[in-house]
Amino acid sequence: MVWIAPFVPGIPLLYYFSNPDKEIHNFHPDREFIRQTEDLIAELSKDIEVEKKTGFQPYEYNQSVPQPSITKLESPSPQESRDDVAPSLLPPDQVDPDAAPTWKKELDIFLNGNTSPKEFLNSLTASNWKEARGQLALAYEEKSLPSNKNFQNRFWMKVGEIGGEEVAKELLKEGDPAFGKILKGWAKASPQEMFDYYTDLDLRSPEVQNYLEKTNSREIPLMDQFSSGMIDQILRSSEAKIDQAQVQSTNDLIDHFLNKNKKKAESLMREFTERVIRGKDKDTLAQWVAGYKEPELQAGTAQRVIESGVFDNNPLEAVEFANSLDSAKAKRSALSSAYARLAGGVNGHDPNITAAELNAMEDGWQRDFALNGFAHGLVRRDPDAAIQWANSISNEGFRKVVTNNITKRINAEVLPRLNSQEVKKD
């Protein structure tokens, strides 16, 4: 398959044409799913606005027993640090060695008033962001950090932009949770660099697995963070609607990963689906899912369609929808998604009814994946029950995976909240 579609206006050719030294792989020969996507997106895009990622909570729905294992952009010129440049303009005898650097001055201005953090963020460089991070942590402890909901995201976006691969490798090696936070900024500033890195990244490597264990992170959400950054770059020129060139570019990207790593392709499909399905009725979305014959693509679309809440008026319909899918992989993913909604009690549904049904089901993969979703759906409201349900999965290998993932979520999402509540009481 020859990649000729541009990702966005002004971007030249695709990955392999801009990387002649890399090994050229045979692309997936079946482009039928691309045609199906283009037909479906034409219907879905009539009224749809491009929406950025808004807070889905991705679960390990489609994770089974562990298995062994974009184009060239003119990146912005690295921002010259004002705190590095300004002193050099002064005669040596006029330089004050104790003078605060520009970033520190801008941070103090931000912390002491209601001004925008823009100037502080613009003063960050690859050599000073760590020190700035330390000062922000201190401000947080002293409760002097303004309650700006987007500030943390903007800070890490900027670090990703200025730090790129060098900072990413450092954070991954150190097991720093900031690794996942800088990916959007990295994708924005250096999409080709991040694409190359992610293409070669082995998620089963000791370094990645150590990072996941140390930060209570999971493979699928980590993949989705990479995918989110790349999909945002493809769609970033859209002011309102997704056009055919962007659809083709997305499909080319997914097609590449279908050959390279199917899990990564499925992740990209989840992120793309999330951005195009809002506001559509369940029949149209059922058509959207059924149009994909590749198991990974159908699984990715099915998960996000159910998580969108389109079946929440009658959440049992999500189970029916899951069982209607052709692909066994998609059924597993969709069943987990559907039972997570049931566990969450959407539209007043009583989870105890579902619990009784699960107890009555015979052991098998259908029950195991339903239990996977049900346990994940209980994590925040009843973590002890979530662990108990996960432990009732019949397949030993899958049971270990799910209980490990549930434990990580409890450590990452539940315990910090409980500790915070205890601190407030004191």
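These values consider heavy atoms only, across backbone and side chains, with no hydrogens, waters or symmetry-generated copies.
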For [Y], is there any backbone N or O sitting under 3.5 Å from a side-chain donor or acceptor partner on [X]?
X	Y	answer
E193	E165	yes
Q298	S327	yes
T199	F195	yes
S267	K263	no
Q209	L203	yes
S228	Q225	no
N128	K104	no
N391	I387	yes
R380	V414	no
S227	D224	no

Kindly give the heavy-atom pair with the smallest separation between [X] and [Y], and that separation in Å.
X	Y	result
I254	A265	O-CB, 3.9 Å
E174	K130	OE2-NZ, 4.5 Å
M157	K184	SD-C, 3.6 Å
A132	F155	CB-CE1, 4.5 Å
A375	W389	CB-CB, 4.3 Å
A370	L358	CB-CD2, 3.7 Å

Inspect the contact between [Y] and [X] and indicate whether a charged nitrogen and a carboxylate oxygen are less than 4.0 angstrom apart.
X	Y	answer
D232	R275	yes
E307	R304	yes
E106	K118	no
E219	R204	yes

Do [X] and [Y] touch side chain to side chain, with heavy atoms closer than 4.5 Å?
X	Y	answer
L316	L342	yes
N323	L335	yes
V319	Y339	yes
V402	I406	yes
I234	M230	no
L268	I231	yes
V276	V247	no
R381	P351	yes

With rounding to the nearest 0.5 Å, note down the distance linking [atom1] in [X] to [atom2] in [Y].
X	Y	atom1	atom2	answer
E320	F311	CD	CZ	9.5 Å
L201	L172	CG	CG	7.0 Å
D326	K331	CG	NZ	7.5 Å
Q303	R332	CD	CZ	13.0 Å
D312	R341	CG	CZ	4.0 Å
T354	L378	OG1	CG	9.5 Å

Item to check | Pair listing, salt bridge (Lys or Arg N to Asp or Glu O under 4.0 Å) test, anchored in residues 390-400, at least two apart | outcome: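 Qualifying pairs, neighbours excluded: E396-K400.
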
Next on the checklist: Please evaluate residues N395 and W365 with respect to the criterion side-chain contact (heavy atoms from CB on, under 4.5 Å), reporting the C-alpha separation (whole Å), side-chain torsions for both, the decisive distance (0.1 Å), and the verdict.
Outcome noted: CA-CA 8 Å; N395 181 286; W365 69 263; over 6 Å; no

Item to check | Full working for side-chain contact (heavy atoms from CB on, under 4.5 Å) between D108 and K105 | outcome: CA-CA 5 Å; D108 289 342; K105 295 176 183 177; 5.7 Å; no

Item to check | Test: K282 cationic atom under 6.0 Å from F321 six-membered ring centre, within 45° of axis | outcome: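 So K282 doesn't make the cation-pi contact.
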
Next on the checklist: Does E213 form a side-chain contact (heavy atoms from CB on, under 4.5 Å) with N404? I'd like the steps, not just the answer.
Outcome noted: CA-CA 10 Å; E213 286 298 321; N404 184 48; 3.8 Å; yes

Item to check | Exceeds 12 heavy-atom contacts within 6.0 angstrom, atom CD of E166 | outcome: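 No, the 6.0 Å shell around CD holds no more than 12 heavy atoms from other groups.
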
Checklist entry - What do the steps show when you test F272 against M269 for side-chain contact (heavy atoms from CB on, under 4.5 Å), and what is the final call? => result CA-CA 5 Å; F272 183 54; M269 200 68 233; 3.9 Å; yes

Checklist entry - So Q287 and D283, side-chain hydrogen bond (donor to acceptor under 3.5 Å, both in side chains) or not? Walk me through it. => result CA-CA 6 Å; Q287 180 191 14; D283 292 333; over 6 Å; no

Next on the checklist: For D176, run the salt bridge (charged side-chain N to carboxylate O under 4.0 Å, His left out) check against R133, K181, K169 and tell me which one passes.
Outcome noted: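 When salt bridge (charged side-chain N to carboxylate O under 4.0 Å, His left out) is applied between D176 and each of R133, K181, K169, only R133 qualifies.
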
